[in-house]
*Asks:* 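Mind having a look at this structure? Questions to follow.
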Amino acid sequence: MKITKLLSLALTAALPSLLVSPLALAEDFPTRPITEIVPYPAGGSSDLAGRALANALADHLGVNVVVDNRSGGGGSVGISALARARTDGYTIGVAPIGTIANQPHMHRTPYNTESFDYLCQFYYGPEVLVVKPDSPFNTLNEVIDYAKAHPGKLSFGSPGPGTLPHLDMLRFQQVAGIELTHVPFAGDGPGLTALMGGHVDLYMAMPNTVTDRNLDAVAVFSDEPMASLPGIKTVMEQGHNMTASVSGGLVAPKGLPQDIKQKLVKGCEQATEAEELKKVLARVGFEARYQGPDEFRQLVEHTSEVNGRLINDVIKKGGGR
Amino acid sequence: MDAFLSALSMLTSMDALLAVVAGTLVGIIIGALPGLGSLLAITMALPLTFVLGQGASIALLLGIYCGSIYGGSLSAILINTPGTPQSAATVLDGFPMARRGDAGLALGWSTTASAFGGILATIILAVASPLLAKIGIRFGPVEYFALGLFALTCIVTVSRDNLVKGLLAGLLGLFVAVVGQDPVTGYLRYDFGVFDLSAGIGLVPFLVGLFALSEVFWRAAEKKEEIGPVIRSAFQLPTLLDLRQRASVLIKSSLIGTWIGTLPGVGAASASMVSYAEAKRSSPNKDKFGTGEPDGLIASEAANNAVSSGAMVPTLSLGVPGDPITAVMLGALVLQGVTPGPRLFLENQSLVLFIFMMLFVANICMFLGGMLMSPLFSRILRLPEPLLMACVVALVATGTYSINANPFDLLVVLIAGIAGLLLRYNGFPLAPMVIGFVLSPMIEQSLRQGLILNQGSFVAFAASPIAAVLFALTTLFLLWPAIRLIQRRVLQRRKGQPSTNSN
């Protein structure tokens with residue numbers, strides 16, 4: 001019968017969603033596949049990083065690591081699902097630092113920095129200040145001088161209000177003593193397009209936008225100049241004391257049994273060494289950089305403190321531009 | 001020439017051809033199932049690309065992409081539920097056609113229009129993509145706002161029975177999309193302290209509830225209607241004569257779709273709305289729109305399939321995905337070691353050519369696959385109604401849940417379904433609500449970005465030539481009935497007739 005065939009086809013297509021398995025506690029952790037929540041849609045840079053890590057982790061732990069994309073709310077939907085998950089080590093998640101450190105200050109979230117066991121940081125990328133095509137600016141100080149003479153005249157795009165690049169630009173304005181106009185977009189895609197079309201003047205982006213999209217950068221916010229960006233000076237070299245980066249790591253809901261946590265931390269440390277992970281991260285503009293559980297937790301807490309202050313003092317008083 | 005030959009050899013390899021055929025067929029099925037959209041289809045295939053080669057991976061994804069967008073029209077026509085958001089405008093005329101007994105012809109038109117739109121767009125792109133990419137980035141906030149406003153005018157066209165109720169439904173749609181984070185300040189709006197509302201209301205659950213579930217409720221609430229022979233014809237391609245008569249709509253809609261596809265960030269759902277609005281403005285059969293007019297169906301389907309090719313332009317040439325679906329495609333390409341961006345066209349010409357050829361092949365597969373599979377789908381209507389409705393409920397629920405595994409989405413489906421039923425019961429058209437909902441984020445964000453960039457001045461909006469043309473079109477479209485009325489009066493007066501025309 002054609003109709004039954006059709007129905008069975010339909011069911012087969014819907015089946016993967018039904019395969020959420022409960023069951024089994026750990027003695028020889030892990031004995032079944034691990035779910036890795038990625039709080040952004042498939043295909044984005046966080047997702048690619050997360051998928052590469054999942055593959056590398058699977059090699060070290062000997063079970064499948066299944067990526068589960070749960071997007072929405074600047075990543076807060078997926079992260080709160082993670083915070084609510086069981087503390088058996090079978091649900092872990094990729095936490096971009098902005099989602100975990102900034103979002104709780106932006107609005108009410110069912111989690112804060114205390115809700116997690118931190119496993120490791122595995123990716124990092126310094127931010128780069130890029131200018132629109134045919135921009136007259138070649139150095140950071142030219143931008144600053146112009147902005148001082150014309151307060152509010154220059155505009156910068158961001159992937160959204162309260163995101164790391166937005167907050168880092170707020171910080172930069174305070175450091176440099178200038179005033180810029182903020183134009184938020186719905187993610188880097190539309191934002192960078194607007195920069196390329198000359199609709200905004202500046203954008204805080206990842207290093208690969210310079211190499212892949214031929215954009216001009218005036219400064220890189222790293223400690224040291226980057227080999228992949230010859231001729232582009234750091235902010236420090238240009239006389240201003242500031243660094244800024246995007247990073248993220250692996251977290252689990254708080255209360256993981258100690259031995260399971262150790263296994264996951266070990267797995268993450270080894271996974272960060274994987275060539276494949278390094279390659280994928282490099283393609284999306286990050287580099288593989290391992291930090292242990294304590295360092296990662298401290299980084300998140302520090303970011304949360306600094307950005308929480310910025311959010312309360314600047315954005316919530318209507319000065320987020 | 002070298003690039004061309006190596007692209008051709010990639011194309012004719014066995015695994016690439018197999019992948020594109022399989023991808024298209026799977027895409028059609030997934031697209032036709034309400035709630036399971038292109039995005040889900042492509043993400044599901046993503047892990048497969050880790051094991052396939054570069055050519056086969058790209059072929060598979062392109063096949064799924066084209067197939068799923070077309071597949072959405074099948075359920076739009078047959079069960080009044082857009083299988084994918086891109087087919088939201090297809091419902092408007094497709095379902096009335098099916099209800100009239102012309103389901104086979106409606107499927108024929110949607111298949112023809114989809115394939116035509118896709119193929120024409122691919123040819124244009126193969127020739128003009130670097131140029132189109134340059135025009136695309138000239139669209140800034142102001143231009144996007146003007147485009148969104150123009151697309152919004154199709155609310156007028158789809159609420160023919162009662163303009164006031166249509167406008168109210170449109171406003172409601174615009175408003176529902178406002179729930180969640182403010183795109184500029186980040187403040188929460190209308191979340192009522194419920195965390196899940198802070199991420200806004202998802203397009204898929206909203207659409208699925210509003211159309212599919214309310215249809216189920218409606219049919220359950222309805223008194224026994226004569227069931228009769230629902231469809232006499234299984235699948236019927238339009239005649240050549242018909243095709244010639246409607247060629248202008250077909251071509252124009254494909255061009256609109258191609259062009260909108262090249263604009264980063266607009267997407268196929270809005271493109272089919274714009275195309276529908278334009279066809280309604282200019283078609284000789286415009287009075288019949290909304291009652292099962294093939295032109296309306298063609299406008300939507302040709303445009304949304306043309307978008308799939310068009311959207312590859314900013315994706316490949318700028319590295320900027322046009323919508324979430326191309327974002328996933330971009331990710332898949334990156335995983336295959338291809339970095340889209342301005343350099344791709346210079347450094348890897350054969351791959352770009354291969355992608356365009358593959359799009360061409362995928363569209364042909366889609367046409368054949370559509371002919372093969374739509375008779376199968378049109379049999380769905382012969383299922384006993386209670387069984388069909390139960391299947392719809394089960395499918396939309398699993399489909400919606402599978403996207404984010406978030407039970408809250410199911411609640412949205414239920415509430416949207418009840419709201420849809422209430423609206424229908426009181427004679428409000430549902431289409432304007434969807435139009436408002438789809439366009440709301442684009443209109444709001446671009447308006448506010450534009451105001452920020454122009455120091456709060458509206459006047460500056462008209463200074464952009466592109467926007468000015470779009471504003472003029474919008475005004476013309478809204479005033480058109482009035483202009484016609486005055487024209488007629490003047491003519492009548494000249495003829496010296498008293499205006500007793502009861503029209």
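By convention in this document, chain letters (A, B, ...) are assigned in the order of the sequence lines, proteins followed by strands, and residues within each chain are numbered from 1.
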*Asks:* For A:Ser80, which atoms come within 4.5 Å of any heavy atom of chain B: side chain, backbone, both, or neither?
*Replies:* side chain
*Asks:* Which bit of A:Ala194 is near chain B, if near means a heavy-atom gap under 4.5 Å: side chain, backbone, both or neither?
*Replies:*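 When you check distances to chain B, no heavy atom of A:Ala194 falls under 4.5 Å.
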*Asks:* Where does the angle between the aromatic ring planes of A:Phe156 and A:His166 fall among parallel (under 30°), tilted (30 to 60°) and perpendicular (over 60°)?
*Replies:*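 A:Phe156 and A:His166: tilted rings.
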*Asks:* Is it the backbone or the side chain of B:Gln449 that comes under 4.5 Å from a heavy atom of chain A, or both, or neither?
*Replies:*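 Both the backbone and the side chain of B:Gln449 come within 4.5 Å of chain A.
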*Asks:* Give, as side chain, backbone, both or neither, the part of A:Val77 having an atom under 4.5 angstrom from any heavy atom of chain B.
*Replies:*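 Both backbone and side chain.
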*Asks:* If only side-chain N and O atoms count, and only distance matters, is there a donor-acceptor pair under 3.5 Å linking B:Glu143 with B:Ser464?
*Replies:* yes
*Asks:* At a 4.5 Å cut-off on heavy atoms, which part of A:Thr109 comes close to chain B: side chain, backbone, both, or neither?
*Replies:* both
*Asks:* For B:Asp182, is it the side chain, the backbone, both or neither that has a heavy atom under 4.5 Å from a heavy atom of chain A?
*Replies:*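 Answer is backbone: N, CA, C or O of B:Asp182 sit under 4.5 Å from chain A.
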*Asks:* Indicate whether the side chain of B:Asn406 and that of B:Tyr401 have a donor and an acceptor atom separated by less than 3.5 Å.
*Replies:* no
*Asks:* What part of A:Gln103 is in contact with chain B, defined as an atom under 4.5 angstrom from a non-hydrogen atom: side chain, backbone, both or neither?
*Replies:* side chain
*Asks:* Heavy-atom pairs under 4.5 Å with chain B - which of A:Ser76, A:Pro110, A:Gly162 has more of them than the others?
*Replies:*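 The residue among A:Ser76, A:Pro110, A:Gly162 with the greatest pair count is A:Pro110.
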*Asks:* Going by an N to O cut-off under 4.0 Å, is there a salt bridge joining B:Glu444 and B:Arg448?
*Replies:* yes
*Asks:* Considering only heavy atoms from C-beta outward, does the side chain of A:Asp216 approach that of A:Val210 to under 4.5 Å?
*Replies:*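 Result no, sub-4.5 Å side-chain heavy-atom pair not found.
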*Asks:* Under 6.0 Å from the CZ atom of B:Arg138, do we count more than 12 heavy atoms belonging to anything else shown?
*Replies:* no
